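Numbering of residues begins at 1 and proceeds along the displayed sequence. Bear in mind the structure is a predicted one, so any value in this text is a computation, not a measurement.
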Amino acid sequence: MNTPGAPPAPSHATDAIALPAGYRLDEYEVQRPLGGGGFGITYLARDGNLDLPVALKEYFPSDLATRATDLRVLVRNADEEHEGQFEWGLERFLDEARALAAFRHPNIIRVLRYFRANGTAYIVMEYETGLALKRWVPQNAPLTQRAVLGIAKPLLDGLEQVHTAGFLHRDIKPDNIYVRADNSPVLLDFGSARRYAANKDFTNIVSPGFAPFEQYHSQGNQGPWSDIYSLGAVLYWMVTGKKPVEAAARVKTDTMIPASQLAEAAVYGEPLLAAIDWALQPEEGRRPQSVQEYRVALTGSANVDLELPHDGAADRGGIAASGYAKSMPSAGSSSSQKRNLLGTILFLDLVGYSVRSVDDQAAIKRMFNELIGKALRGVAEESRIAVDTGEGAAICFMGDPEEALNSALLLRDLLGQRYRNLLSVRIGLHMGPVRVVTDLNGSVNVIGDGINVARRVMDFAQPNQVLVSRGYYDVISRITDDTADMFMYLGNFEDKHGRMHELYAVGSGQRTVTTRKEFPSEASRTPLPLSDQLTDETLHDVEVELARHIGPLSRVLVNKARPLAATVHELREALAPTIQEAKARELFLSGAVTASHPPSHPASKARSQTQPRSSISGAPSQPASTRPSQPTTGGEVGPEDLAAMEVTLSKFIGPMARIVVRKESARAATFRELVAALASNIDKKDQREPFLAALHKALPRRMF
């Protein structure tokens with residue numbers, strides 16, 4: 001059995017010869033068979049010492065062995081020939097265990113131990129949850145370039161360690177690749193692995209379609225290039241849906257259609273398809289000769305920007321998770337994301353992670369990914385970006401800042417309830433400016449002072465403690481009425497760079513039920529100037545003005561602070577801490593607007609109730625004297641128009657389209673300005689015209 005995780009239910013034939021539930025082998029208690037093959041049976045078992053599930057693989061060649069009444073394994077025909085075959089196979093089985101035990105890599109199945117018992121031998125492996133690649137690909141089709149590289153690159157890393165140790169795997173195929181719950185692959189079944197050296201004979205191992213020609217005979221020139229052929233064959237199958245033509249049939253006349261002709265270059269990119277075809281050259285000397293050489297080809301092929309992963313897939317579970325393993329990928333890898341914005345950053349650091357063994361680090365990261373996935377459940381994907389920091393994670397929330405606090409508290413509670421004594425995490429929260437950028441691999445990253453301060457805040461936290469900055473406290477305590485009592489002031493702390501941080505610790509997380517702020521009744525209240533009354537128009541103006549400083553987050557903050565303010569001045573006081581620059585904050589508090597941003601209407605006059613709103617939802621309205629009576633843009637932009645723009649733009653930059661449309665609509669004065677601004681957010685210039693054409697098709701009534 002190749003798969004150590006949760007494959008399809010075992011056959012009745014396997015059940016008939018398998019060890020029963022409850023059977024004990026040393027400290028391992030068999031729970032149920034996971035599956036079987038011609039040479040063995042794999043069980044789900046429980047390690048009694050560590051109280052952990054493990055995969056227990058038993059050597060049981062079905063054509064040679066039988067099960068005795070005492071459950072020992074016996075040779076069916078006890079003659080010299082059959083006993084010799086059984087012993088030879090048993091040594092190969094133990095060779096697999098020895099080979100695997102030498103490797104310590106997160107993308108190679110880990111052997112915990114192996115031993116002889118019960119007339120046969122057993123290999124104890126980590127128990128993985130997920131799917132064999134053979135089942136994972138159909139369930140996730142159609143695959144993207146990122147999904148293919150997300151499988152290929154980690155496998156290459158693991159394979160490089162195998163080759164460095166002097167081994168060849170010799171049987172890479174979809175059945176022997178497992179995809180965990182976080183979408184990370186793991187290479188299985190080293191039963192065919194052998195040490196390679198010059199002029200050494202090999203037994204011929206052939207998996208038709210996936211084995212190179214040199215493995216068809218014992219004198220073949222086998223080396224790292226042989227495993228690279230097999231991995232290339234797996235990638236060919238992933239991008240084309242077809243198994244490669246058997247290598248032996250391609251030696252004289254190669255009739256196989258190359259991946260570059262059969263797969264969609266628009267989806268995978270020509271460089272990736274060319275790299276696959278290079279690995280599948282029938283003549284071994286014409287292929288990449290090392291993993292490093294092939295990695296360069298695949299890395300250079302990462303030129304297509306793709307969508308954010310789904311939660312639980314990693315982004316990728318985990319976080320997304322990549323899961324989440326690297327930066328969260330994004331379709332937006334364009335200039336749309338190379339913008340400054342105000343975000344709430346949740347910075348997490350695993351306590352003592354760097355001093356753990358490589359094996360422990362891999363296990364801890366898997367648990368950590370699962371924990372993050374649970375903590376982020378309910379937070380919309382398009383409103384957050386998660387980045388792997390190596391020893392933890394940084395998550396930038398671009399929506400409601402209270403979501404960051406809720407996620408931090410949920411994470412802390414989960415640590416105490418389910419991960420006690422297994423994981424400890426330090427947690428820091430800060431609200432500040434960040435810049436969302438895209439790296440060379442098309443992954444989204446977050447940089448800037450906001451994330452730097454969040455890290456410094458986290459540095460002062462104790463294990464499983466949540467600390468927040470003064471900047472975050474000022475905002476969250478003013479825009480909500482039930483969080484201020486959760487924080488305990490700790491004072492000023494100096495970081496290693498000499499920068500001071502005013503910190504608050506988050507308490508138990510039990511929020512007190514408070515009554516909304518009571519405002520004076522209409523009868524007793526002194527009439528307010530019209531400009532200080534909270535009407536739809538004044539709320540709109542405050543939102544637009546705030547958006548100039550902090551971006552699309554302004555709408556969320558205004559909506560949250562609105563119930564806690566009786567006047568425009570009180571609303572401004574609640575929102576002012578979100579503005580980082582002192583001078584801009586003072587101007588916002590005073591209600592003045594800088595010369596570069598004139599008022600949306602004359603401040604001395606009340607806006608007419610019959611005057612139409614701005615042509616762009618969320619954008620400043622023009623004075624009535626300057627607004628054209630018949631806009632050449634086709635009239636007011638309604639919610640349906642903005643929704644169509646978002647859907648169309650998402651086809652070019654992905655889920656970040658929602659944020660981009662909101663942000664640009666708050667800035668643009670006309671429909672045409674909005675269209676031009678949206679087009680400029682598409683990084684690839686040759687895609688802008690197709691975007692405009694698609695938008696015209698989606699909005700045929702509008703004039704472009």
Side-chain angles (χ1 to χ4, degrees), residues 141-148 239 260-273 301-310 329-339 341 380-383 436-438 442-444 551-552 613-619 628 630-704:
L143 299 180
T144 62
Q145 185 206 53
R146 186 172 301 284
V148 174
V239 302
S260 54
Q261 297 179 23
L262 191 58
E264 297 183 42
V267 175
Y268 302 109
E270 293 180 1
L272 172 58
L273 301 182
S301 70
N303 60 354
V304 178
D305 300 319
L306 303 167
E307 74 285 350
L308 287 159
H310 299 291
S330 166
S333 48
S334 65
S335 59
S336 69
Q337 313 209 334
K338 298 171 184 176
R339 302 287 179 89
L341 55 87
E381 287 183 25
E382 64 271 11
S383 69
V436 183
V437 297
T438 306
S443 297
V444 171
R613 294 288 293 270
S614 167
S615 63
I616 304 297
S617 177
Q630 295 294 330
T632 59
T633 58
E636 182 180 356
V637 178
E640 298 83 0
D641 296 324
L642 293 176
M645 290 178 171
E646 180 185 322
V647 170
T648 304
L649 186 61
S650 68
K651 296 176 182 178
F652 294 84
I653 71 170
M656 283 295 289
R658 177 176 299 181
I659 294 171
V660 172
V661 170
R662 288 178 181 173
K663 187 172 182 179
E664 299 294 358
S665 66
R667 294 177 170 180
T670 68
F671 175 77
R672 285 181 176 173
E673 283 185 17
L674 177 57
V675 171
L678 296 180
S680 70
N681 279 278
I682 300 174
D683 194 36
K684 295 181 174 62
K685 294 182 179 180
D686 60 351
Q687 291 295 306
R688 293 177 183 175
E689 285 299 326
F691 163 72
L692 294 174
L695 188 59
H696 191 275
K697 186 176 181 181
L699 297 171
R701 64 184 179 83
R702 303 310 303 248
M703 296 173 60
F704 287 78

| note | Those residues at least two apart in sequence (or on a different chain) that pass side-chain contact (heavy atoms from CB on, under 4.5 Å) with Gln687 are Phe652, Ile682, Lys684
| message | If the condition is side-chain contact (heavy atoms from CB on, under 4.5 Å), which residues does Ala676 pass it with, not counting sequence neighbours? | response | none
| request: Might you point out which heavy atoms bring Val267 and Leu143 nearest each other, and give the distance in Å? | output: CG1-O, 3.8 Å
| task | Find out whether Val675 and Met645 are in side-chain contact, i.e. whether some heavy atom of one side chain is under 4.5 Å from a heavy atom of the other. | result | yes
| task | Report the distance from atom CG of Leu272 to atom CD of Glu270, rounding to the nearest 0.5 Å. | result | 11.0 Å
| query | Does Val661 reach the side chain of Leu678, with side-chain heavy atoms less than 4.5 Å apart? | reply | yes
| request: Rounded to the nearest 0.5 Å, what's the gap from OG1 on Thr648 to CZ on Phe691? Could you check? | output: 6.5 Å
| task | Identify the two heavy atoms, one from Tyr268 and one from Ala263, that lie closest to each other, and give their separation to 0.1 Å. | result | CD1-CB, 4.1 Å
| task | Provide the closest heavy-atom pair for Ala677 versus Glu664 in the form atom of the first, atom of the second, distance. | result | CB-OE1, 3.5 Å
| message | Restricting to side-chain hydrogen bond (donor to acceptor under 3.5 Å, both in side chains), what partner residues turn up for Ser260, sequence neighbours left out? | response | Asp277
| Check against side chain to side chain contact (heavy atoms under 4.5 Å, CB included), Leu674 and Leu642 | CA-CA 10 Å; Leu674 177 57; Leu642 293 176; 4.0 Å; yes
